[in-house]
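Reviewing the structure listed below.
Just so you know, these numbers come straight off a predicted model, no measurement behind them. Side-chain atoms are counted along with the backbone in the values below, which use heavy atoms only and exclude waters and symmetry mates.
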Amino acid sequence: MRFDCSVDEEFDRGLAAAQVALEEGKLVVLPTDTVYGIAADAFNPRAVQNLLDAKGRGRQMPPPVLVGAPTTLDALAIDIPSWLRSTVESLWPGPLTVICRQQPSLTWDLGETHNTVAVRMPADPRALALLKLTGPLAVSSANTTGDPAATTVDEAEDMLGGRVAVYLDGGPSTSGVPSTILDATGSTPRILRAGSITLEQLHAFNNTIEPPDEPAKPEDEA
């Protein structure tokens with residue numbers, strides 16, 4: 001099923017259909033403020049595996065989790081330093097993914113996370129509307145591994161086809177630039193992937209953050 005998010009009534013129907021699909025363990029493609037994402041219920045291991053299978057990737061590349069509010073970070077992560085709290089308070093919602101130590105009480109299976117979780121709050125009203133209904137979602141870029149991330153719903157559907165139950169069409173991505181991924185789990189924080197948020201912006205919160213070792217890959221996360 002495909003729904004046009006620019007039409008209010010159709011968007012409402014699309015949100016309802018997406019919520020049902022996710023509750024049933026199915027996959028949904030949705031617009032974000034970076035590129036299109038493919039979403040699954042983060043707390044349904046079979047659904048997360050379906051997401052990985054649809055992309056053609058293994059458990060060694062677990063998807064990040066999108067949230068609808070900054071406060072959700074505390075429900076998912078532990079040992080959050082004060083500088084990182086200030087960072088997300090200022091830059092969320094927005095194109096910054098932060099990797100933290102995950103809450104040990106979480107009963108989910110995102111893949112080989114090594115007890116970490118990558119979290120982002122997207123600055124897209126359609127994505128946030130869905131997250132308000134569903135809670136945290138496992139979301140990866142809407143593409144097959146090795147291909148560029150989809151910036152339109154047509155590109156996503158061409159790659160993912162019938163493996164996705166609901167497509168929410170939000171028009172062309174306004175950015176097309178992926179989020180910056182910041183690893184805050186070590187003694188020295190490091191950018192794992194350069195994106196929309198620059199190192200200079202992050203240095204305003206912690207000037208010890210180190211740049212990435214390698215350039216970003218086109219199939220990396222939204």
| task | Start with the C-alpha distance between M121 and V88, add both sets of side-chain angles, then the distance that settles side chain to side chain contact (heavy atoms under 4.5 Å, CB included), and finish with yes or no. | result | CA-CA 9 Å; M121 180 182 177; V88 299; over 6 Å; no
| message | Determine whether L30 and L130 satisfy the following criterion, side chain to side chain contact (heavy atoms under 4.5 Å, CB included), listing intermediate values before the conclusion. | response | CA-CA 9 Å; L30 71 158; L130 181 59; 4.2 Å; yes
| query | Can D109 and R59 be said to form a side chain to side chain contact (heavy atoms under 4.5 Å, CB included), step by step? | reply | CA-CA 10 Å; D109 182 6; R59 287 172 51 81; 3.2 Å; yes
| How many angstroms lie between atom CG of N207 and atom CD of E200, to the nearest 0.5 angstrom? | 12.5 Å
| query | Are L22 and V20 grouped together when hydrophobic residues (ILVMFWY) are joined by side-chain heavy atoms under 4.5 angstrom apart? | reply | no
| request: Please round to the nearest 0.5 Å and tell me the distance separating atom CZ of R101 and atom OG1 of T113. | output: 10.0 Å
| said: In the structure I gave you, are the side-chain heavy atoms of R120 and D33 within less than 4.5 Å of one another anywhere? | reply: yes
| Can you name the side-chain hydrogen bond (donor to acceptor under 3.5 Å, both in side chains) partners of E210, sequence neighbours left out? | R190
| task | Could you tell me whether the side chain of E157 and the main chain of D154 form a donor-acceptor pair under 3.5 Å? | result | no
| said: When you compare the side chain of I38 with that of L160, does any pair of heavy atoms fall below 4.5 Å? | reply: yes
| task | Using atom types as modelled and distance alone, determine if a side-chain donor or acceptor of E10 lies under 3.5 Å from a backbone N or O of D4. | result | yes
| Is any side-chain N of the basic residue among D147 and K55 closer than 4.0 Å to the acidic one's carboxylate O? | no
| remark: For A42 and L137 the tightest heavy-atom approach is CB-C, 4.1 Å
| Looking at CG of L76 and OG1 of T116, how far apart are the two atoms once the value is rounded to the nearest 0.5 Å? | 12.0 Å
| What distance do L133 atom CG and E23 atom CD have between them, rounded to the nearest 0.5 Å? | 9.0 Å
| task | Could you verify whether a donor N or O on one side chain and an acceptor N or O on the other, from S86 and E89, lie under 3.5 Å apart? | result | no
| request: Please check if any side-chain donor atom of S141 sits under 3.5 Å from a side-chain acceptor atom of N143, or the reverse. | output: yes
| Side-chain heavy-atom pair L73, I80 within 4.5 angstrom cut-off | yes
| query | Which atom pair, heavy atoms only, marks the closest approach of V29 to A142? | reply | CG2-CB, 4.2 Å
| Polar side chain donor-acceptor pair, T32 to R126, under 3.5 angstrom | no
| task | Assert yes or no for the condition that the ring centre distance of F43 to W108 is strictly below 6.0 Å. | result | yes
| request: May I have the step-by-step check of salt bridge (Lys or Arg N to Asp or Glu O under 4.0 Å) for R46 and D53, ending in yes or no? | output: CA-CA 10 Å; R46 182 66 253 173; D53 291 344; 3.5 Å; yes
| message | So S140 and L51, do their side chains get closer than 4.5 Å, heavy atoms only? | response | yes
| request: Please confirm whether the backbone N or O of T208 pairs with a side-chain atom of H203, one donor and one acceptor, at under 3.5 Å? | output: no
| task | Would you indicate whether the side-chain heavy atoms of E24 and N44 approach each other to under 4.5 Å? | result | no
| query | What is the distance from atom CZ of F205 to atom OG of S90, rounded to the nearest 0.5 Å? | reply | 4.0 Å
| ILVMFWY network linking V7 to L15, side-chain heavy atoms under 4.5 angstrom | no
| request: Group every Ile, Leu, Val, Met, Phe, Trp and Tyr by side-chain heavy-atom contacts under 4.5 Å, then state whether M1 and V28 land in the same group. | output: yes
| field | Summary of side-chain hydrogen bond (donor to acceptor under 3.5 Å, both in side chains) pairs that have at least one residue in residues 60-73, sequence neighbours excluded | value | none
| Among all residues two or more places apart in sequence or in another chain, which pass the side-chain hydrogen bond (donor to acceptor under 3.5 Å, both in side chains) test with W92? | none
| request: Could you go through the side chain to side chain contact (heavy atoms under 4.5 Å, CB included) check for T144 and R163 one step at a time? | output: CA-CA 11 Å; T144 48; R163 288 166 288 190; 4.2 Å; yes
| field | Main-chain N/O of L96 paired to S179 side chain as donor or acceptor, under 3.5 Å | value | no
| field | Close side-chain approach of T180 and L202, heavy atoms under 4.5 Å | value | yes
| In terms of hydrophobic clusters joined by side-chain contacts under 4.5 Å, are V117 and I78 together? | no
| request: Quick one: closest heavy-atom pair of P93 and P122, and the distance? | output: CB-O, 3.4 Å
| query | So, for C100 and A77, which heavy atoms are closest and what is the spacing to 0.1 Å? | reply | CB-CB, 3.6 Å
| said: What I'd like to find out is whether the side chain of K26 reaches to under 4.5 Å of the side chain of V166, using heavy atoms alone. | reply: no
| request: Scan T97, I191, V98, L192 and name whichever one has a side chain to side chain contact (heavy atoms under 4.5 Å, CB included) with D183. | output: L192
| Shortest non-hydrogen contact from L168 to A18? | CD1-CB, 4.4 Å
| From T174 OG1 over to D124 CG, what is the distance, rounded to the nearest 0.5 angstrom? | 7.5 Å
| message | Please find the pair of heavy atoms, one from L110 and one from L52, that lie closest to each other, and give the distance. | response | O-CD1, 4.4 Å
| request: Report yes or no: does E155 contribute a side-chain atom to a donor-acceptor pair with the main-chain N or O of T151 at less than 3.5 Å? | output: yes
| request: Flag the pair V139 / P64 as yes when at least one side-chain heavy-atom distance between them is below 4.5 Å, and no otherwise. | output: no
